[in-house]
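Below: the structure, in structure tokens.
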Amino acid sequence: MRLTETADVWWKNAVVYCLDIETYFDTDGDGRGDIRGLSQRIDHLAELGVTCLWLMPFYPTPDRDDGYDITDFYGVDPRLGTHGDLVELITLAQDRGIRVIADLVVNHTSDQHPWFKSARASRTSPYRDWYVWRDEPPANQHEGIVFPDQEDSLWEYDEEAGQYYLHQFYKHQPDLDIANPAVREEILKIIGFWLRLGLSGFRVDAVPFLLDTAGATDAANLADPHDYLRDLRAFLSRRDGQAVLLGEVNLSYKDTRTFFGDEDGDELNMCFDFIGMQKMYLSLARQDPAELVKALRERPAPPEEAQWGTFVRNHDELTLDKLTKDERQEVFDAFGPDEDMQLYGRGLRRRLPPMLGNDQARIKMVYSLLFSLPGTPVLFYGEEIGMGENLAAEGRNAVRTPMQWTTGPTGGFSTADPGDLAGPVVEGDLSPEHVNVAAQRKDPDSLLSWIKLLAQRYRECPELSWGECTILEHDTPSVVAHRSDYEDGTIIALHNFSAEPAEITLVVAGSGVGVRVADLLTGATSDVENDGTLRHQVGPYGCCWLRVLRAGDRYLV
Ligand code: GLC
């Protein structure tokens, strides 16, 4: 049976939206967003066309890594709400056709987690072996540091424990040891718990780090760590056949492919496309899509039921770690020349609109590309209205500022004083005065209206997410042309990376007399010549999604 004849592989063409409850909408006036606030704003997401909401960590936390440092994997941080509030949120979301997934951060715990407190206190603690200990740090302790501004070793000596422990991220985030079967079992229980409460899966944090058992002295207990990822997926699917794992895997394409599992896809259902994202920025900086096209050609096809998660920005720095030093410098020069905009020597703590000088045509072109290329688009809150960053916030928090709902000093996020918010509001040209949901809802030309349109057209066109994608050859170097075919349907999308208008000539294979194309984003139609030649204008940073219409077609255009 064709997979689309069943409706359950929903993640193949979902619209995913990531947010942090803390910065979304505050209902109790304490300056921090809350679960009830998000519930009140669920219709904004429904209207936007979101079908899957990804919640950043909402668990109890000392908040030294924005909640990615957890002290209770089964809890809800009381500052955000209760389990009851969360179940109501999930119920409301599902009522609007939105599934909810959440971050699963089990590579490490907070050093304040009761497990770690017990582990460090005594060698006989039942939790001692849940972490990774050594009497001496290994020789490679200074290699592969994720946060080089704060850390210089992966191992930290703990006075109380009298040993060194492994922490691949901050030193306050000791790594759990998945070579220990008790840890593996506990992670399954955590998954089972949240599935029962109604989550539809997880965004799995730092997957390659989770599977890396190199530092563990008991690594032999788990000869192939991918066996564990397979177990985890099997458990998840057994408990809930529609639940998914969307993994954070920032490796080469070849290595990332292994995280989808075998040909049938028995590990992660989705992996983020970090390579395509980085090459897109290089292409934007060069006003030439050649590098992106190269990446798309090299990108391995995921297993039939799996999908790439595509994105423009996320909650972390815009990492450029897979580019060469010179390429990275090109992107820095174009989009983040000030040192203060750069982070860890590899990324930018910026959002897209300020990087592109708030050029609306160019921003719209980038999102059109996101929705039309194969993959499941993942948006970060605020992208739909073109929010900017606030560099006064520390590190990656520059892009985690309060959601801008209306004008006013807190952007309608909270009734608290602007100085008492979970993060500073964006200032300047992209402040709530100029960028907010309320104004853009009423404006058919706004970015918000554009993204709604893209989401709707994307959902209507199985060609884009299910189809066969071919990058078309032509003679206009500033334009990417890709064609997506599925059953009888064909869509050809054109994206111009240059500020100069372009004319493109393509051959529309398989066309005959009377064939036309209709732009799904504007409704404009034009004829394909009898020999199959299509000549099309693409404006400065222009884009179009052309549906090929043959006689007798009954497509809605
Ligand atoms: C992931 C998250 C990041 C976090 C880190 C440690 O990379 O995206 O925000 O700091 O893991 O959990």
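Here the structure is a predicted model, which is why all the values come from computation and not from measurement. Read the numbers this way: they start at 1 and go in the same order the structure lists the ligands and their atoms. Just the heavy atoms: all of them, side chains too, but no hydrogens, waters or symmetry mates, feed the values below.
Evaluated by nearest non-hydrogen atom to atom 6 (C) of ligand 1, the leading choice among Leu210, Asp65, Asp316 is Asp65.
In this structure, Arg203 is part of the shell of residues with a heavy atom less than 4.0 angstrom from ligand 1. Within the structure, ligand 1 lacks Tyr170 among the residues with a heavy atom less than 4.0 angstrom away.
Contacts between Arg400 and ligand 1 below 4.0 angstrom, taking non-hydrogen atoms only, involve the side chain exclusively. Contact annotation: for Phe209 versus ligand 1, there are no heavy atoms closer than 4.0 Å.
A side-chain N or O of Glu384 and one of Tyr17 form a donor-acceptor pair less than 3.5 Å apart. Between the side chains of Thr71 and Ser110, no donor N or O sits under 3.5 Å from an acceptor N or O. When only modelled atom types and interatomic distance are considered, Gln112 and Arg64 share no side-chain donor-acceptor pair under 3.5 Å. Using a 3.5 Å distance cut-off with no hydrogens or angles, the side chains of Thr319 and Asp321 do pair a donor with an acceptor.
Of all atoms in ligand 1, listed by their number and element, those nearer than 4.0 Å to a heavy atom of Phe147 are 10 (O). Interface atoms of ligand 1 facing Arg396, defined by a heavy-atom separation under 4.0 Å, are 3 (C), 4 (C), 9 (O), 10 (O). Close approach of ligand 1 to His108 is summarised as follows: ligand atoms under 4.0 Å from at least one heavy atom of the residue are 6 (C), 12 (O).
Ring-centre distance between Phe209 and His108: not below the 6.0 Å cut-off. For His167 and Phe116, the distance between ring centers is not under 6.0 angstrom. Separation of the Phe311 and Phe272 ring centroids falls under the 6.0 Å cut-off.
Closest protein heavy atom to atom 2 (C) of ligand 1: Asp205 OD1, 3.1 Å. In this structure, atom 7 (O) of ligand 1 lies nearest to the protein heavy atom Glu248 OE2, 2.9 Å.
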